[in-house]
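What you see below is based on every heavy atom in this structure, not just the backbone, and it leaves out hydrogens, waters and symmetry mates. What you are looking at is a predicted structure, and each value in this text was computed from that prediction instead of being measured. We're numbering straight along the sequence, starting at 1.
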Amino acid sequence: MRAGHQGTGPGAITPDGCAVELYSRLPVGDEPEVIAGAVPAGAHILELGSGVGRMTHPLLERGYTVTAVDESPDMLERVRGARTICSPIEKLDLGERFDAVLLASFLVHTGDEEVRRGLLRTCARHLADGGCVLIQREGEDHHTNVPRERVDPSGFTVRIVSSEPVGDGTNSVRAEYDFPDAAWTQTFRARPLTKGEFEAALGEVGLRVDAYLTEDRVWVKAVMVEGG
């Protein structure tokens, strides 16, 4: 387990506390539409932190070529139709460049600042000329609107039970997922980032915001700084 991360519930649990069976059940939202609106048709996407392929599979259906990266072999076993690579994201160096790099699931908010820098360096070094990085940020009330819960139309409930400071600007977040036949929990470390802090983190690795793709500024399109 990564420090500060844990998970409970049926099936395999990944190093960051994610349950493979849980993520196999979670529906995809509007993320594929957001991505398709920013990435040209037929592009080759490097998906960092693909998990079980919740977004991979809809992107493949839209005609994209996807290379899916995850540090969990149990997650990657569920991915179909994409090239898969098992590796921690921050250590990945394929010697290849891609039309688009995808860093979703709020990974940019990892509690470890050096890991975050590693994630963003991986994005930058795999980006082709003229390509883009798509990043999913936390919502601006992600750590203040707690506890909160949402009942999904398919019949399960997800709760963010708490977000407690643990020092050095990092919070410990606890999430619960209740299905009629099973329940899971995940505890993880997350670092809230203001818009300015986020943009500064991009600048550290030679990236800049090209556009905020959604009204809530959760989805971001970043590009290389000119001359970088």
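In plain terms, the two heavy atoms of Ser87 and Lys91 that are nearest each other are OG-C, 4.4 Å. Between Gly17 and Met1, the shortest heavy-atom contact is N-SD, 4.0 Å. Smallest separation of non-hydrogen atoms from Ile89 and Gly49: CD1-N, 3.5 Å. When all heavy atoms are compared, the tightest approach of Pro192 to Asn171 is CG-ND2, 3.9 Å. Nearest approach of Val173 to Ser163, heavy atoms of both residues: CG2-OG, 3.8 Å. In terms of heavy-atom proximity, Leu134 sits nearest to Ala38 at CD2-CB, 4.0 Å.
Thr214 and Asp216 form a side-chain donor-acceptor contact under 3.5 Å, judged by distance and modelled atom types alone. Residues Ser50 and Thr56 bring no donor and acceptor atom of their side chains to less than 3.5 Å of each other. Residues Glu138 and His143 bring a donor and an acceptor atom of their side chains to less than 3.5 Å of each other. In the model, Arg78 has a side-chain atom that pairs as donor or acceptor with a side-chain atom of Ser24 under 3.5 Å. Under the 3.5 Å distance criterion, with hydrogens and angles disregarded, no donor-acceptor pair is assigned to the side chains of Thr187 and His5.
Under a 3.5 Å cut-off, the side chain of Asp210 and the backbone N or O of Lys221 do not form any donor-acceptor pair. Between the side chain of Arg217 and the backbone N or O of Tyr212 there is no donor-acceptor pair closer than 3.5 Å. Looking at Asp141, its side chain never comes within 3.5 Å of a backbone N or O of Thr144 through a donor-acceptor pair. When atom types are taken as modelled, the side chain of Asp152 and the backbone of Ser154 share a donor-acceptor pair closer than 3.5 angstrom. Here the side chain of Arg159 pairs no donor or acceptor atom with the backbone of Arg174 at under 3.5 angstrom. Panel note: side chain Arg191, backbone Gly111; a donor-acceptor pair is recorded below 3.5 Å. The backbone N or O of Asn145 lies less than 3.5 Å from a partner atom in the side chain of Arg148, making a donor-acceptor pair.
Tracing side-chain contacts under 4.5 Å through hydrophobic residues (I, L, V, M, F, W, Y), one never reaches Leu102 starting from Leu120; they form parts of separate clusters. In terms of hydrophobic clustering, with Ile, Leu, Val, Met, Phe, Trp and Tyr side chains grouped at heavy-atom distances under 4.5 Å, Val69 and Val101 are assigned to a common cluster. No continuous path of ILVMFWY side-chain contacts below 4.5 Å connects Val79 to Val52, so the two sit in separate hydrophobic clusters. One hydrophobic cluster, built from ILVMFWY side chains closer than 4.5 Å, holds both Tyr177 and Met75. Note on Ile160 and Leu26: separate hydrophobic clusters, where clusters join Ile, Leu, Val, Met, Phe, Trp and Tyr whose side-chain heavy atoms are under 4.5 Å apart, directly or indirectly.
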Could you please spell out the steps behind the side-chain contact (heavy atoms from CB on, under 4.5 Å) verdict for Leu127 and Val223?
-> CA-CA 9 Å; Leu127 191 60; Val223 297; 5.7 Å; no

Start with the C-alpha distance between Val158 and Glu149, add both sets of side-chain angles, then the distance that settles side-chain contact (heavy atoms from CB on, under 4.5 Å), and finish with yes or no.
-> CA-CA 6 Å; Val158 56; Glu149 76 171 37; over 6 Å; no

Might you work through the side-chain contact (heavy atoms from CB on, under 4.5 Å) test for Phe198 and Val209, ending with a clear yes or no?
-> CA-CA 9 Å; Phe198 168 73; Val209 171; 4.1 Å; yes

Passes side-chain hydrogen bond (donor to acceptor under 3.5 Å, both in side chains), Asp16 versus Thr14? Steps please.
-> CA-CA 5 Å; Asp16 59 355; Thr14 68; 2.5 Å; yes

Val39/Cys132 under side-chain contact (heavy atoms from CB on, under 4.5 Å): CA gap, chis, key distance, verdict | CA-CA 8 Å; Val39 178; Cys132 64; 4.2 Å; yes

Salt bridge (Lys or Arg N to Asp or Glu O under 4.0 Å) evaluation trace for Glu90 with Arg2 = CA-CA 13 Å; Glu90 64 270 25; Arg2 291 179 180 252; 3.2 Å; yes

Could you check His142 against Phe106 for ring pair (Phe, Tyr, Trp, His ring centres under 6.0 Å), going step by step and ending with a plain yes or no?
-> CA-CA 11 Å; His142 201 81; Phe106 315 129; 5.2 Å; yes

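For the pair Lys195 and Arg137, the minimum side-chain heavy-atom distance is below 4.5 Å. With contacts defined as side-chain heavy-atom distances shorter than 4.5 Å, the pair Leu94/Leu46 qualifies. Residues Leu22 and Cys18 form no side-chain contact, since every pair of their non-hydrogen atoms from C-beta on lies 4.5 Å or further apart. Counting only heavy atoms from C-beta outward, the side chains of Arg116 and Leu193 approach each other to under 4.5 Å. Looking at Thr110 and Leu119, their side chains come closer than 4.5 Å, going by heavy atoms from C-beta outward. By the 4.5 Å heavy-atom criterion applied to side chains, Ser162 and Val146 are not counted as neighbours.
The CD atom of Glu21 sits 5.0 Å away from the CZ atom of Arg25 when rounded to the nearest 0.5 Å. Rounded to the nearest 0.5 angstrom, Ile85 CD1 and Leu76 CG are separated by 9.5 Å. Separating the CD1 atom in Ile45 from the CG atom in Leu59 is a distance of 5.0 Å, to the nearest 0.5 Å. We find the CG-OG1 distance between Asp70 and Thr84 to be 10.0 Å, quoted to the nearest 0.5 Å. For the atom pair OH (Tyr64) and CD (Glu47), the distance works out to 12.5 Å, reported to the nearest 0.5 Å. Expressed to the nearest 0.5 Å, how far NE2 of His57 lies from CZ of Arg62 amounts to 13.5 Å.
In this pair, Phe98 and His126 present their aromatic rings tilted. The plane angle is within the 30 to 60° band. Between Trp184 and Phe179, the angle of the ring planes goes over 60°, which puts this pair in the perpendicular group of the 30/60° scheme.
Legend: residues meeting side chain to side chain donor-acceptor pair (under 3.5 Å) with Thr122, ordered by chain and number and at least two apart, are Arg125. By the side chain to side chain donor-acceptor pair (under 3.5 Å) test, Glu77 is found to be paired with no residue, residues two or more places apart in sequence or in another chain being considered. A search for side chain to side chain donor-acceptor pair (under 3.5 Å) contacts involving Gln136 returns nothing, not counting sequence neighbours.
Crowding of Asp93 atom CG: a count of heavy atoms from other residues, nucleotides or ligands under 6.0 Å exceeding 12. Within 6.0 Å of the CD atom in Glu215, the count of heavy atoms belonging to other residues, nucleotides or ligands does not exceed 12.
The pair Arg150-Glu176 does not count as a salt bridge, with every side-chain nitrogen at least 4.0 angstrom from each carboxylate oxygen.
Both tests do not hold together for Arg54 against Tyr23: distance to the six-membered ring centre under 6.0 Å, angle to the ring axis within 45°.
Considering Val34, Ile135, Ile35, Val218 as possible partners of Leu213, the one that fulfils the side-chain contact (heavy atoms from CB on, under 4.5 Å) test is Val34.
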